[in-house]
Amino acid sequence: MSRSPTDRSSWTRRAGFILAAVGSAVGLGNVWRFPFQAGQEGGAVFVLLYLCFVLLIGVPAMLVEFTVGRRTGRGPVGALAEFGGGAWRYLGGLFILIGFLILSYYSVVAGWVLRYVVGSVTGGYAGQSETYFLDIATGFDALAFHAIFMALTVAIVALGVRRGIELAVTVMVPAVVFVVLALVVYAWTLPDAGVAYEYYLSPDFSLLASDWRSIVPAAAGQAFFSLSIGMGVMITFASYLDEERNLLVDTGIIVAIDTAVAFLTGLFVFPILFTAGVGPADPGPGAIFVALAGAFADIPAGSVVGVVFFGMFAIAALSSAISIMEVVVSFGIDEFGAVRRRTAAVTGVAMFLLGTPVALLSSQRQPIFVTLYDTLAAQILLVSGGIVLMILVAWIGADRAMAELRRGIHSPGILPRVWIWLVRIPVIVVLLVTLALAVGDYWSFLTGDFADFLGL
Ligand code: PFF
């Protein structure tokens, strides 16, 4: 089948690229995953490590994806083949697989968010925020809203990059920032805000000494997940660029916005959790829903705030989901000459099926299936994808990557060289260590909690 010229579109305006990248980065990772990981991994120590990973590893890694994408004008599979030659093409398959895995459960969690939009309108969770979550997080409701969310994602991706993504993100980003700021101010007035800030902001280093084996890979995985790096989203977006823009400045903007949204989310989630009496160490994947719904039920005009908050949150999740599906769909278009609409539909169905066990078998007290998918995706697969790209770029294609980074930067000086050397040794070594820790941790989960769950 031949591919129509509009199937591979480019950005309509200068801001389109950055909007889409921010839209991809800001999502469930910031508002759902970040507080849930921070709560589970010891609070402020995790936050500090996460910030280090974002700056020292996330920034160089995003530059790796941007330079490869703009240089080759292709998605991860094509870009890997072109940058590295023959056998690297097969490694590109890893990125497509990661896309399938992430979106399959991402859509389930985003389905919970959609369900809460409805719940805010009907007042369904008022006075029973905990049982409400347990009711809707698994079973028929979860499956139905998982299907709705996936269908929305397919629809937008089928329309193509130009119309869908840019519009959604232009509205979403300022709105999310506004709502999050308003919630930070509200949470500041809560009775237990002080203890919560202490937990969230003042690191207890003794935890690092005892639990570094799980805190370190969790922080690295969160940095990759939140910045959307390690599966070729940023490669794909940069492949639609034809102009000489300053990729370093763009990276700075994207990372700053994404990290700010996550950090601010923590500033309101923990005061709400502490005030609601939910232990920070075991919030699990449902805590943010339970705590926020409880808070919205308590405040004046709470259902309006609830609709606005969960509505914004749903749009943020949608723009991230679109970016994940775009990688898979543009792979079909580029490598097999597939038709965009049909590829989007088939991909959506496959991802929906893969997410079904999470929708049917997860609950707040039993987050086994979320962990099974999510830890594998973030801590193992995204980090592996990042390592593959970094080895390729820093060791095999360094000259081309540096030349690409220079395009659009006025006086780059030694910067490209510093970047390549940072990636070549320290970044790759640190990531290999976190990967090894993550594999060990995941293995104990599989043979421990997961085996128990299966009754083995
Ligand atoms: N960054 C998104 C979020 O924080 O919700 C999730 C995500 C998108 C992860 C794209 C990975 C990815 F490639």
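We count ligands from 1, going down the list as the structure has it; atoms in each ligand are counted the same way.
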**Student:** Taking only heavy atoms of Leu28, which atoms of ligand 1 are found under 4.0 Å from at least one of them?
**Tutor:**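 Numbered from 1, ligand 1 contributes 5 (O).
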**Student:** Considering only protein heavy atoms, which is closest to atom 1 (N) of ligand 1, and at what distance to one decimal place?
**Tutor:**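 Residue, atom and distance for the closest contact: Phe225 O, 2.7 Å.
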**Student:** Any ion pair linking Arg340 and Glu326 (charged N to carboxylate O, less than 4.0 Å)?
**Tutor:**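 A salt bridge is present here (some side-chain N lies under 4.0 Å from a carboxylate O).
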**Student:** Out of all atoms in ligand 1, which are within 4.0 Å of some heavy atom of Gly29? Include the element for each.
**Tutor:**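 So the answer, numbered in order with elements, is 3 (C), 4 (O), 5 (O).
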**Student:** Going by the angle between their ring planes, with limits at 30° and 60°, are Phe289 and Phe310 parallel, tilted or perpendicular?
**Tutor:**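 Aromatic pair Phe289/Phe310 classed parallel.
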**Student:** Please confirm whether Tyr106 and Tyr373 have ring centers closer than 6.0 angstrom.
**Tutor:**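 No: the rings miss the under 6.0 Å criterion.
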**Student:** Tell me whether Arg74 is salt-bridged to Glu335, with the criterion being a basic N under 4.0 Å from an acidic carboxylate O.
**Tutor:**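 Looking at Arg74 and Glu335, the cut-off is met.
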**Student:** Quick check, are the ring centers of Phe263 and Phe34 under 6.0 angstrom apart?
**Tutor:**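 Between Phe263 and Phe34, the centre distance exceeds or equals 6.0 Å.
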**Student:** For atom 4 (O) of ligand 1, grab the closest protein heavy atom and report residue, atom and distance to one decimal in Å.
**Tutor:**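 Looking only at protein heavy atoms, the one closest to atom 4 (O) of ligand 1 is Ala25 O, 2.9 Å.
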**Student:** For ligand 1, which is the ligand I care about here, please tell me if Ser24 has any N or O atom under 3.5 Å from one of the ligand's N or O atoms.
**Tutor:**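 For ligand 1, there is an N or O atom that lies under 3.5 Å from one belonging to Ser24.
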**Student:** Give me the residue, atom name and distance of the protein heavy atom closest to atom 11 (C) of ligand 1.
**Tutor:**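 Closest protein heavy atom to atom 11 (C) of ligand 1: Ser228 CA, 3.8 Å.
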**Student:** Regarding ligand 1, does Ile102 bring an N or O atom to under 3.5 Å of one of the ligand's N or O atoms?
**Tutor:**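 Between Ile102 and ligand 1 (N or O atoms, distance only) the closest approach is not under 3.5 Å.
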**Student:** Is the ring pair Phe133/Trp112 parallel, tilted or perpendicular, if the boundaries are 30 and 60 degrees?
**Tutor:**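 It falls in the perpendicular class, over 60°.
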**Student:** Mind running ring-ring contact (aromatic ring centres under 6.0 Å, His included) on Tyr116 and Tyr132 for me, showing each step along the way?
**Tutor:** CA-CA 10 Å; Tyr116 270 82; Tyr132 184 80; 5.2 Å; yes
**Student:** Using a 4.0 Å cutoff against the non-hydrogen atoms of Ser226, which atoms of ligand 1 qualify?
**Tutor:**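 Result: 1 (N), 4 (O).
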**Student:** With heavy-atom distances below 4.0 Å as the criterion, list the atoms of ligand 1 near Asn30.
**Tutor:**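 Result: 4 (O).
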**Student:** Regarding ligand 1, does Leu382 bring an N or O atom to under 3.5 Å of one of the ligand's N or O atoms?
**Tutor:**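 Leu382 vs ligand 1: no N/O contact under 3.5 Å.
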**Student:** Does the ring center of Phe270 lie less than 6.0 Å from the ring center of Tyr199?
**Tutor:**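 Ring centroids of Phe270 and Tyr199 are less than 6.0 Å from each other.
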**Student:** Between Tyr106 and ligand 1, which part of the residue brings a heavy atom under 4.0 Å of the ligand: side chain, backbone, both or neither?
**Tutor:**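 Side chain only; the backbone of Tyr106 stays clear of ligand 1.
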**Student:** Atom 13 (F) of ligand 1: which protein heavy atom is closest, and how many Å away?
**Tutor:**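 Going by distance alone, atom 13 (F) of ligand 1 is nearest to Met231 CG, 2.7 Å.
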